[in-house]
Amino acid sequence: MKTAIIYWSGTGNTEAMAKAIERGLKEGGTDTAVFEVDKTNAGIAEQYDKFAFGCPSMGSEVLEEDSFEPFFAAVEGKLSGKKVALFGSYGWGDGEWMRDWQARTSKTGAVLFEQGLTQQEAPDEALCAEFGKRFAAF
Ligand SMILES: Cc1cc2nc3c(=O)[nH]c(=O)nc-3n(C[C@H](O)[C@H](O)[C@H](O)COP(=O)(O)O)c2cc1C
């Protein structure tokens with residue numbers, strides 16, 4: 001199964017999560033490609049079987065609104081039956097953006113992997129890699 005990791009990151013924390021998750025997926029034997037969200041589009045849904053989406057908590061407990069939200073709005077209708085993992089960094093909140101994002105993703109018919117992985121500011125990269133490795137086996 002081919003896996004795509006698609007993320008937005010303003011200050012690099014979610015990007016560091018994406019790269020560590022990529023490492024874990026590859027250690028788990030998965031063919032994995034990583035895309036910054038502006039370098040792809042919703043057509044990617046037809047090209048991969050599994051997706052890990054990453055976006056920090058922005059605005060007030062929402063997905064980043066200029067790039068990631070429009071991308072996710074365009075892709076979410078194509079995720080039914082696909083295996084999906086969510087991840088992202090946050091600052092001062094309680095993870096509300098991730099809870100909302102999980103509920104939204106579940107409604108698409110996607111097969112959600114675990115709970116979305118949240119990390120406060122700079123991530124624990126070893127923990128992110130373990131998440132990727134478990135997702136490889138999912
Ligand atoms: C404009 C803006 C809005 C933010 N809003 C929230 C928020 O609502 N809740 C929260 O927990 N953190 C919020 N943060 C903090 C970021 O989620 C946090 O710094 C995160 O590590 C950024 O990830 P990144 O380095 O991948 O961009 C906000 C940061 C910015 C710049």
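Order of appearance sets the numbers: ligands from 1, and atoms from 1 within every ligand.
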The one among Y7, W8, W92 that brings a heavy atom closest to atom 4 (C) of ligand 1: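 It is W92 that holds the nearest heavy atom.
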
Nearest non-hydrogen contact with atom 21 (O) of ligand 1 belongs to which option: S89, P123, G93?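 It is S89 that holds the nearest heavy atom.
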
Looking only at protein heavy atoms, which one is nearest to [atom], and what is the separation?
atom                    : result
atom 8 (O) of ligand 1  : E61 N, 2.8 Å
atom 31 (C) of ligand 1 : M58 CE, 3.9 Å
atom 12 (N) of ligand 1 : G91 N, 3.0 Å
atom 7 (C) of ligand 1  : S57 OG, 3.2 Å
atom 5 (N) of ligand 1  : G59 O, 3.1 Å
atom 25 (O) of ligand 1 : T11 OG1, 2.4 Å

Sub-4.0 Å atoms of ligand 1 with respect to non-hydrogen atoms of [X]:
X   : result
S60 : 8 (O)
Y90 : 11 (O), 17 (O), 18 (C), 21 (O)
G10 : 24 (P), 26 (O), 27 (O)

What are the two closest heavy atoms between F135 and K50, and how far apart are they?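 Residues F135 and K50, closest heavy atoms: O-NZ, 2.6 Å.
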
Indicate the atoms forming the closest heavy-atom contact of L86 with M98, along with that distance.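 Shortest heavy-atom contact: CB-SD, 3.9 Å.
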
Determine yes or no for a side-chain-to-main-chain donor-acceptor pair under 3.5 angstrom, with T30 supplying the side chain and T32 the backbone.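 Not at all, since once roles are kept as given, no pair shorter than 3.5 Å links the two residues.
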
Any donor-acceptor N/O pair, E61 side chain to W97 backbone, under 3.5 Å: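 Here the side-chain-to-backbone pair exists.
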
What's the verdict on side-chain contact (heavy atoms from CB on, under 4.5 Å) for F71 and T40, showing C-alpha distance, side-chain angles and the deciding distance? CA-CA 9 Å; F71 164 77; T40 187; 4.2 Å; yes

May I ask you to check whether over 12 heavy atoms, not counting those of Q120, lie within 6.0 Å of atom CD?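 Atom CD in Q120 is packed in, count exceeds 12.
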
Step through the shown structure and confirm whether more than 12 heavy atoms of other residues, nucleotides or ligands are within 6.0 Å of NZ on K83.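 Counting other residues, nucleotides and ligands, NZ of K83 exceeds 12 neighbours.
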
Is the distance between the ring centroids of F53 and W101 under 6.0 Å?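 When the ring centroids of W101 and F53 are compared, they turn out to be at least 6.0 Å apart.
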
F87 ring center within less than 6.0 Å of F131 ring center: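 No.
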
Can you confirm, on distance only, whether ligand 1 has an N/O atom lying under 3.5 Å from any N/O atom belonging to [X]?
X    : result
P56  : no
E121 : yes
E15  : no

